[in-house]
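Data first, discussion second: the structure below is written as structure tokens.
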Amino acid sequence: MDPQLIAVADKAAQLSMLDYLGAVNESMALRERMAHFHQKYDLLLTPALPITAFKTGREVPEDWPHTRWPTWTPFTYPFNMTGQPGLSVPCGFDNDGLPIGLQLVGARFNDALVLRAGHAYQQAAPLTDHRPALFDSRIETE
């Protein structure tokens, strides 16, 4: 098993029921705020990530100032807590040719709208035929 996943599981095993219920309350509050947002707006558009791809086998990029994955996924993990559908579509490429993602987030249970919007975006800005190189000479291999 991945050592980072084991570390997260070990930390979670030390939490109390009160800790868990506090987290559930935070999740419900966020879910309520997003439900209010979606009363006015059909979709929320965000970057998928604030960075592009980094070497595999790492929880965080090399030279990253933090040690845990939520620090480089601030636009995605909150919607796992709210149960909202989200979709990432390619919207461009960085200077190294790595893809940049646009995230579309809809109201809970409105998966069909998110999928339709993602499809419409890809029809208007077709980027899925461009693929980054699978091997990069800057990446060390074993």
ask   = Is the shortest heavy-atom distance from the side chain of L49 to the side chain of T73 under 4.5 Å?
value = yes
request  = Flag the pair P90 / Q122 as yes when at least one side-chain heavy-atom distance between them is below 4.5 Å, and no otherwise.
outcome  = yes
Run the side-chain donor-acceptor check on residues 103-117: report pairs under 3.5 Å with partners two or more places apart or on a different chain.
residue: Q103; atom: NE2; partner: T46; partner atom: OG1; Å: 2.8
residue: Q103; atom: NE2; partner: F75; partner atom: O; Å: 2.5
residue: R108; atom: NH1; partner: T82; partner atom: O; Å: 3.0

task = Starting at CH2 of W72, measure out to CD of E59 and round the result to the nearest 0.5 Å.
result = 8.5 Å
ask   = Does G22 offer a backbone N or O that forms a donor-acceptor pair with the side chain of N25 under 3.5 Å?
value = no
ask   = If you group Ile, Leu, Val, Met, Phe, Trp and Tyr by side-chain heavy-atom gaps below 4.5 Å, do V89 and L45 land in one group?
value = yes
query = L30 versus S27: any side-chain heavy-atom pair under 4.5 Å?
reply = no
task = Check whether any side-chain heavy atom of S88 lies under 4.5 Å from a side-chain heavy atom of L102, and answer yes or no.
result = no
inquiry  = Starting from V60, can I reach Y77 by hopping between I/L/V/M/F/W/Y residues whose side chains sit under 4.5 Å apart?
reply    = yes
Contacts under 3.5 angstrom, residues 7-15 side chains, donor-acceptor by atom type, not counting sequence neighbours:
none

message = For D96, is there any backbone N or O sitting under 3.5 Å from a side-chain donor or acceptor partner on D94?
response = yes
query = Heavy atoms, side chains only, cut-off 4.5 Å: are T52 and F93 in contact?
reply = no
query = What's the shortest heavy-atom distance between S16 and D19, and which atoms?
reply = N-OD2, 2.9 Å
Side-chain donor-acceptor pairs of residues 34-44 under 3.5 Å, sequence neighbours excluded:
residue: H38; atom: ND1; partner: Y41; partner atom: O; Å: 3.0
residue: H38; atom: ND1; partner: D42; partner atom: O; Å: 3.4
residue: H38; atom: NE2; partner: Q84; partner atom: NE2; Å: 2.9

message = To the nearest 0.5 Å, what is the distance between CD1 on I51 and CD1 on I100?
response = 11.5 Å
inquiry  = Contact between W64 and F54 at the side-chain level, heavy atoms closer than 4.5 Å - yes or no?
reply    = no
